[in-house]
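Working notes, beginning with the structure itself.
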Amino acid sequence: MADMRAFRDAVTGWAAGGPGGPASDLAVQLGVRTAVLLEGPSDVAAVGALAERRGRDLDAEGVCVVPMGGAMSVGRYAELLGPTGLDLRLVGLCDENEQRFYDRALERTQRAQAGQPGQAAPAPHGHIFVCVKDLEDELIRALGTARVEEIVQAENDHRAWQTFLHQPAQHGRPRQQQLRRFLGTKKGRKIRYGRLLVEALDPGQVPAPLDDLLTSL
């Protein structure tokens with residue numbers, strides 16, 4: 001039986017230049033209604049972890065969380081999944097520095113929709129939630145650096161963390177910046193900690209962009 005993973009894979013293939021038929025068929029079959037456009041898999045891990053904590057089954061709700069491989073791909077995904085493509089509701093989470101790509105993509109799809117024969121001016125078809133630097137930075141600030149270091153130690157990454165701190169480039173940098181950089185120094189680490197940091201949050205600590213994103217779905 002097809003699942004949301006199959007739809008996500010079909011969308012990725014479509015965005016890379018493949019046929020759109022499989023994604024279109026699966027969207028109907030699975031009842032997909034919303035696409036959450038995220039920059040990468042660490043954001044997907046964090047969103048998924050928070051949904052699970054709140055007892056949400058996004059797949060069953062028709063919500064597909066899509067890692068795009070970078071913010072500069074958002075225009076392509078918005079074109080395929082938004083009002084000019086599968087006509088899904090679009091929601092995004094991005095870094096402040098990348099917001100312009102998201103804004104431009106949604107504005108372009110809405111202009112294209114308005115230009116179609118018989119179409120009235122479009123209502124807002126998506127919403128973007130913005131992190132100041134990135135989601136990892138939001139999570140570290142929410143938890144506090146001491147708590148994040150405890151999680152690093154519990155994950156048996158303490159030795160790697162201490163080695164990282166002894167690098168000349170890290171001397172004198174604020175602890176939050178060091179932790180944020182550390183999470184990106186090894187393949188897969190950001191994905192793993194995206195989930196771990198969300199799981200460690202108290203209910204009142206969830207960063208506003210992440211909280212608002214999930215509430216909007």
Side-chain angles (χ1 to χ4, degrees), residues 1-52 54-95 98-120 122-129 135 187-188 190-192 194-195 198 210 213-217:
M1 179 180 294
D3 58 14
M4 199 64 78
R5 183 187 298 272
F7 174 70
R8 196 160 34 238
D9 290 344
V11 168
T12 300
W14 189 14
S24 181
D25 292 344
L26 285 168
V28 174
Q29 182 180 339
L30 297 171
V32 184
R33 60 177 181 83
T34 299
V36 183
L37 304 180
L38 302 177
E39 294 186 47
S42 62
D43 300 325
V44 172
V47 170
L50 185 59
E52 290 173 12
R54 295 184 174 177
R56 301 275 301 272
D57 184 342
L58 297 183
D59 290 0
E61 295 175 24
V63 177
C64 183
V65 182
V66 181
M68 302 180 298
M72 295 184 69
S73 298
V74 68
R76 176 64 172 161
Y77 280 88
E79 176 188 6
L80 300 180
L81 300 178
T84 58
L86 297 185
D87 200 28
L88 305 180
R89 176 175 176 253
L90 301 180
V91 178
L93 179 73
C94 67
D95 308 344
E98 315 294 352
Q99 184 179 358
R100 65 190 186 278
F101 298 117
Y102 279 70
D103 287 338
R104 193 178 305 144
L106 294 184
E107 289 168 3
R108 186 164 57 246
T109 58
Q110 289 171 5
R111 285 198 304 270
Q113 181 192 21
Q116 294 175 3
Q119 289 283 351
H125 209 87
H127 202 109
I128 305 165
F129 301 93
L135 185 53
K187 185 178 180 180
K190 283 179 68 173
I191 301 172
R192 180 161 57 97
R195 173 170 289 275
V198 168
L210 185 59
L213 168 69
L214 200 66
T215 300
S216 76
L217 300 177

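In what follows, every heavy atom counts, from backbone to side chain, and hydrogens, waters and symmetry copies are set aside.
Counting all heavy atoms, side chain and backbone alike, L213 lies closest to G92 at CD1-O, 4.4 Å. Pairing each heavy atom of F7 with each of A23, the nearest pair is CE1-O, 3.3 Å. Residues A27 and L86 share a closest heavy-atom pair of CB-CD1, 4.1 Å. The heavy-atom pair separating Q99 from C94 by the smallest distance is CA-SG, 3.7 Å. Of all heavy-atom pairs spanning D103 and I128, the tightest one is OD1-CD1, 3.3 Å. Between G48 and R195, the closest heavy-atom pair is C-NH2, 4.1 Å.
Formation of a donor-acceptor pair under 3.5 Å by the R56 side chain with backbone atoms of L214 is found in this model. Side-chain atoms of R33 come within 3.5 Å of backbone N or O of E61 as a donor-acceptor pair. Checking side-chain atoms of Y102 against main-chain N and O of L37 turns up a donor-acceptor pair under 3.5 Å. The backbone N or O of E39 sits nowhere less than 3.5 Å from a side-chain atom of E98 that would complete a donor-acceptor pair. In this structure, the side chain of D43 does not engage the main chain of A46 through any donor-acceptor pair within 3.5 Å.
In this structure, D3 and D59 have side chains that are not in contact, with every pair of non-hydrogen atoms separated by 4.5 Å or more. Inter-residue side-chain proximity for P41 and K190 is flagged as unmet; no heavy-atom pair is nearer than 4.5 Å. Counting heavy atoms from C-beta outward, S42 and L135 have side chains that stay 4.5 Å or more apart. In this structure, L80 and V11 have side chains that are not in contact, with every pair of non-hydrogen atoms separated by 4.5 Å or more. The shortest distance between side-chain heavy atoms of V32 and M4 falls below 4.5 Å. Using a 4.5 Å heavy-atom cutoff, the side chains of V47 and L210 are in contact.
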Pair R54, T215 - check side chain to side chain contact (heavy atoms under 4.5 Å, CB included), show working. CA-CA 10 Å; R54 295 184 174 177; T215 300; 4.1 Å; yes
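To the nearest 0.5 Å, atoms NE2 (H127) and CG (L90) are separated by 13.0 Å. Annotation: the span from C64 atom SG to L88 atom CG amounts to 8.5 Å, rounded to 0.5 Å. With values rounded to the nearest 0.5 angstrom, R89 atom CZ is found 6.5 Å from L217 atom CG. The distance from the CG atom of D95 to the CZ atom of F101 is 11.0 Å, given to the nearest 0.5 Å. Atoms OG1 and CG, from T34 and L81 in turn, are 11.0 Å apart once rounded to the nearest 0.5 Å.
Ion pairing between R76 and E79 holds under the 4.0 Å rule for side-chain N and carboxylate O.
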